[in-house]
Amino acid sequence: MAVAWAAALLVPALCVLRVPELGLLPAAQLFRNPWIDGSFWINVLKFNPLLRLPEFVLGVALGRLFLLRQGEAPPRRPDAAAGAAMAAILLLLAAGRRIPFPLLHDGLLDPLFAAAIFFLAFDRGVLARVLGQPAFLALGDASYSLYILHAPISAWLRLSQLRWPALRVGPVPGFLAYAGLTIAASLAAFRFLEDPLRRRLRGR
């Protein structure tokens, strides 16, 4: 897992060294700079699937580690450990203005995400019970649909506001409307497309 994490950070680190502007610009300012946005290196970081491979390997190893622990006593206070990892993630994301975009985008927080997933998987404690409620499980099921749909829905809303100025609203109402529409579309896509097709494929 450590090797996979190092491999995930290799190209982002090289990008920071190769294009100094990427290391100087925090993530919050990246998309305000037209020269950086759309550059070759940013497109490599954001869209090349090979750069996700080390993170996938890390996840496989994490699942294997969890299975190996199944026959042993669970760790003490897994709920507290998962909560600490999630709190650290939120703090680092809040400080993301000072962290170079390539590192934050491409795996810097992977160990913390792995820790949160690993300890929550033991399904013990208040946090695990809360996140195990049906509403949260439904959102988790629809997370891949959310990942697929959030960008095209955002683009569609922006184009709609350009075509029909009456649809323009403030940033907070606009974000709430965007979040609600995207979550609703993701739940519907999972319920009527993703889940039925997955069941059909598994049946074969």
Side-chain angles (χ1 to χ4, degrees), residues 1-63 86 89-90 92-117 139-163 171 174-175 177-190 193-195 197-198 201:
M1 292 170 64
V3 171
W5 183 44
L9 292 176
L10 177 61
V11 173
L14 290 176
C15 285
V16 172
L17 295 175
R18 173 66 176 80
V19 185
E21 292 84 353
L22 297 183
L24 296 175
L25 279 179
Q29 296 180 8
L30 180 66
F31 297 104
R32 301 174 189 172
N33 188 319
W35 186 86
I36 296 295
D37 188 18
S39 71
F40 171 79
W41 288 108
I42 284 297
N43 287 331
V44 168
L45 288 170
K46 290 168 61 179
F47 303 120
N48 191 314
L50 291 178
L51 297 187
R52 305 280 76 79
L53 181 59
E55 294 177 289
F56 176 77
V57 172
L58 192 153
V60 172
L62 181 70
M86 295 169 69
I89 291 170
L90 293 176
L92 287 172
L93 289 177
R97 295 175 179 273
R98 300 183 180 182
I99 302 175
F101 173 81
L103 299 177
L104 189 63
H105 184 276
D106 281 41
L108 182 65
L109 305 184
D110 283 356
L112 292 173
F113 281 111
I117 293 169
L139 291 174
D141 288 337
S143 61
Y144 184 72
S145 296
L146 181 72
Y147 164 69
I148 293 295
L149 294 174
H150 78 279
I153 289 178
S154 175
W156 177 75
L157 287 175
R158 286 197 298 268
L159 291 175
S160 299
Q161 289 176 342
L162 290 175
R163 181 170 296 183
F175 173 77
Y178 164 65
L181 178 61
T182 306
I183 291 173
S186 302
L187 291 169
F190 175 79
L193 291 175
E194 182 181 345
D195 191 46
L197 289 174
R198 183 169 57 185
L201 289 172

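Keep in mind it's a predicted model, so treat the numbers as computed, not measured. Sequential numbering from 1 along the given sequence is applied to the chain's residues.
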Going by the rule side-chain contact (heavy atoms from CB on, under 4.5 Å), which residues pair with [X] if we only count those two or more places apart in sequence or in a different chain?
{"X": "Ile117", "result": "Leu62"}
{"X": "Leu53", "result": "Phe56, Val57"}
{"X": "Leu9", "result": "Trp5, Leu103, Leu108"}

With sequence neighbours excluded, what pairs up with Asp195 under the side-chain hydrogen bond (donor to acceptor under 3.5 Å, both in side chains) test?
->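 Applying side-chain hydrogen bond (donor to acceptor under 3.5 Å, both in side chains) to Asp195 gives Arg198, Arg199.
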
Enter the distance from Leu157:CG to Ile153:CD1 here, rounded to the nearest 0.5 Å.
->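 Nearest 0.5 Å value for the CG-CD1 distance: 7.5 Å.
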
Considering all heavy atoms, the nearest [X]-[Y] contact:
{"X": "Pro100", "Y": "Val16", "result": "CB-CG2, 4.4 Å"}
{"X": "Pro111", "Y": "Gly107", "result": "CD-O, 4.2 Å"}
{"X": "Pro54", "Y": "Ala8", "result": "CB-N, 3.6 Å"}

Do the side chains of [Y] and [X] get nearer than 4.5 Å, heavy atoms only?
{"X": "Leu109", "Y": "Leu93", "result": "yes"}
{"X": "Leu139", "Y": "Leu146", "result": "no"}
{"X": "Cys15", "Y": "Leu45", "result": "yes"}

Within residues 140-149 or reaching into it, pairs that qualify as side chain to side chain donor-acceptor pair (under 3.5 Å) - sequence neighbours excluded |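 Every side chain to side chain donor-acceptor pair (under 3.5 Å) pair that includes a residue of residues 140-149, provided the two are not neighbours, is Ser145-Glu194.
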
With sequence neighbours excluded, what pairs up with His150 under the ring pair (Phe, Tyr, Trp, His ring centres under 6.0 Å) test?
->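 Ring pair (Phe, Tyr, Trp, His ring centres under 6.0 Å) check on His150 returns nothing, list empty.
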
Going through the distances and angles, do Leu92 and Leu112 end up as a side chain to side chain contact (heavy atoms under 4.5 Å, CB included)?
-> CA-CA 10 Å; Leu92 287 172; Leu112 292 173; 3.7 Å; yes

Could you please spell out the steps behind the side chain to side chain contact (heavy atoms under 4.5 Å, CB included) verdict for Trp156 and Leu181?
-> CA-CA 11 Å; Trp156 177 75; Leu181 178 61; 3.9 Å; yes

Could you list all the salt bridge (charged side-chain N to carboxylate O under 4.0 Å, His left out) pairs where at least one residue sits in residues 3-16, not counting sequence neighbours?
->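 Listed by first then second residue: nothing to list.
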
Could you give all pairs that pass the salt bridge (charged side-chain N to carboxylate O under 4.0 Å, His left out) test and reach residues 47-59, with sequence neighbours left out?
->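 Only Arg52-Glu55, Arg52-Asp106 qualify under salt bridge (charged side-chain N to carboxylate O under 4.0 Å, His left out).
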
